[in-house]
Every structure is written in structure tokens, then in C-alpha cells.
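One structure is given here, and the rest of the page talks about it.
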Amino acid sequence: MTEKEKMLAGKLYDSSDAELSALRRAAHKNCRLYNALDEDDPERERLLDAILPNHVAGVYLQGPVQFDYGIFTTMGENTYANFNFTCLDCAPVSIGKNVFFGPNVSLLTPMHPIRWQERNQFVKADGTLGDQEYAKPITIGDNCWIAGSVTICGGVTIGEGSVIGAGSVVTRDIPPNVVAAGIPCRVIKNIGN
């Protein structure tokens, strides 16, 4: 199993792997180029296609944006992300249609081992340093609104039509059609269909 396959399967993997490092460098470069362009520059569309090959029409990322890979994220139609959108997609990130992200939202799939013996860097057979981590997917249903400065942790699913209040840290699944907020994020009220 390659390190990329381990990563996508949620197993411990070496994030310093050459293939993964090359994919991250490409995504980081494309994000930097995207962020440097004016909002009306047509080159942004080409870069968006390079950063997020699994998006559909109507996706708009205000910028600046930062993706670890981009290729492991899918976005549905009419999805919008405001300033400073960060998506560390070491596991699949699935975002539905008509999802709105406020400024400073972070989607964080990477997890790090609790035990330092697995978390600390190690020397690989070739003498270079390795670094183990694992990742859990994030799923955000259609028609969600994720307010400003929200952090969504790996392993979380947010149900269709839900609203996550500003500044929340989402560590557990949120059901459909609710308002949820807080640290940790919890359901405040149902909003119906």
C-alpha cells in the first residue's frame, strides 16, 4: 500500500512521502498564484480547475485560499467560500451544493497520534526524517451555512440545511436542519425543512 493509499484509507502514513510532498507543493503553488490574482482575472478559473479538479459550475472561492491537496476535495454547484478558506484535505472532503462559508473557515482532516512514540519524527531507512499522521474525512451536506471563523475537525459530517454559528469548533456530527454553535459545537435548535 502506498503512503497516499494509506492516507486516504485513514491509516497511519508518512506525510513526508515523495509523492504526497509533490502533490502538496503543486497545490500550494496553485493556491499562491490564485491568491495573487484580481477577482475578475479569467486566469483564476483555470487555477481553480487545477486546485479543485472535482468541483462543478458555480463554485467561487473569494481568496485567499489554502488547500493541502485540493484533488481530494469535491464541491457542489453554487458553493461559496469567503476570505481565508483553509482545507487540509488529507482525507476526502465532500461539500454539497449551495454551501456558504464565512471568512476564516478551516476544514481540518489531519489527525495526529496521541502517543508521542508515534507522533514524533523518525529517521527513515534513507536517512531522511519521516512524520506519521492519519486523517478522517469531512462531509458537509447541501444548503449548509458555515459562519465565520468555524473550525471543522476530521471525522465530522454536517447534515443538509444546517447552520454552524460563528467561532464554533465542530468535533462531532451535526444532524440535518439545525442551528449548532459553540466550543465544542452543539445543537441549539431545530430549524425544520
Rounding to 0.5 Å, atoms CG (Leu20) and CZ (Arg25) come to a distance of 10.5 Å

Provide the closest heavy-atom pair for Pro184 versus Thr171 in the form atom of the first, atom of the second, distance. CB-OG1, 3.8 Å

Considering all heavy atoms, the nearest Val99-Asn143 contact: CG2-N, 4.1 Å

Stepwise side chain to side chain contact (heavy atoms under 4.5 Å, CB included) test for Ile158 and Ile164: CA-CA 9 Å; Ile158 297 175; Ile164 307 299; 4.0 Å; yes

Which pair of heavy atoms, one from Leu12 and one from Pro113, lies closest together, and at what distance? CD2-CG, 3.7 Å

Is a side-chain donor or acceptor of Asp41 paired with a backbone partner of Glu43 at a separation under 3.5 angstrom? yes

For a 4.5 angstrom cut-off between non-hydrogen side-chain atoms, does Val93 reach Thr74? no

Do Asn98 and Asp142 pair up side chain to side chain, a donor and an acceptor below 3.5 Å, judged on atom types alone? no

If you round to the nearest 0.5 Å, how far is CD of Gln62 from CG of Asn82? 6.0 Å

Nearest heavy-atom contact between Lys136 and Gly155 is CB-N, 3.2 Å

About how many Å separate CD1 of Ile146 and SG of Cys144, when rounded to the nearest 0.5 Å? 5.5 Å

Could you check whether the rings of Tyr80 and Tyr60 sit parallel, tilted or perpendicular, using 30° and 60° as the cut-offs? parallel

Is there a chain of hydrophobic side chains (I, L, V, M, F, W, Y, each step under 4.5 Å between heavy atoms) that links Phe100 to Ile191? yes

Can we say Asp14 and Lys124 salt-bridge, meaning some charged N sits less than 4.0 Å from an Asp/Glu carboxylate O? yes

Nearest heavy-atom pair of Ser16 and Gly130: which atoms, and what distance? OG-CA, 3.5 Å

Closest heavy-atom contact between Ala166 and Val150? CA-CG2, 4.4 Å

Any link between Ile138 and Val65 through a network of hydrophobic side chains (Ile, Leu, Val, Met, Phe, Trp, Tyr) touching at under 4.5 Å? yes

Assess the residue pair Tyr69 and Met7 against the criterion (side chain to side chain contact (heavy atoms under 4.5 Å, CB included)); give the C-alpha distance rounded to whole Å, side-chain angles, the decisive distance to 0.1 Å, and a yes or no. CA-CA 12 Å; Tyr69 297 97; Met7 179 181 82; 3.8 Å; yes

Would you say that Cys185 contacts Val169 through its side chain, given a criterion of any heavy-atom pair below 4.5 Å between the two side chains? no

If you group Ile, Leu, Val, Met, Phe, Trp and Tyr by side-chain heavy-atom gaps below 4.5 Å, do Phe72 and Val59 land in one group? no

Please determine whether residues Phe85 and Val170 belong to a single hydrophobic cluster, defined as Ile, Leu, Val, Met, Phe, Trp and Tyr linked transitively by side-chain heavy-atom distances below 4.5 Å. yes

Heavy atoms of other groups near Arg172 CZ, more than 12 under 6.0 Å: no

Which value, rounded to the nearest 0.5 Å, describes the distance between Lys97 atom NZ and Ile140 atom CD1? 16.0 Å

Can Thr73 and Leu52 be said to form a side chain to side chain contact (heavy atoms under 4.5 Å, CB included), step by step? CA-CA 7 Å; Thr73 297; Leu52 279 178; 3.8 Å; yes

Any residue meeting side-chain contact (heavy atoms from CB on, under 4.5 Å) with Leu88, in chain and number order, not counting sequence neighbours: Asp68, Thr86, Leu108, Pro110

Using the side-chain hydrogen bond (donor to acceptor under 3.5 Å, both in side chains) rule, pick out the option among Gln132, Glu133, Glu3, Lys6 that qualifies with Tyr13. Glu133

Would you sort out whether Leu48 and Tyr34 count as a side chain to side chain contact (heavy atoms under 4.5 Å, CB included), showing the intermediate values? CA-CA 7 Å; Leu48 183 60; Tyr34 182 91; 4.1 Å; yes

Side-chain heavy atoms under 4.5 angstrom apart, residues restricted to Ile, Leu, Val, Met, Phe, Trp, Tyr: same cluster for Val156 and Ile188? no

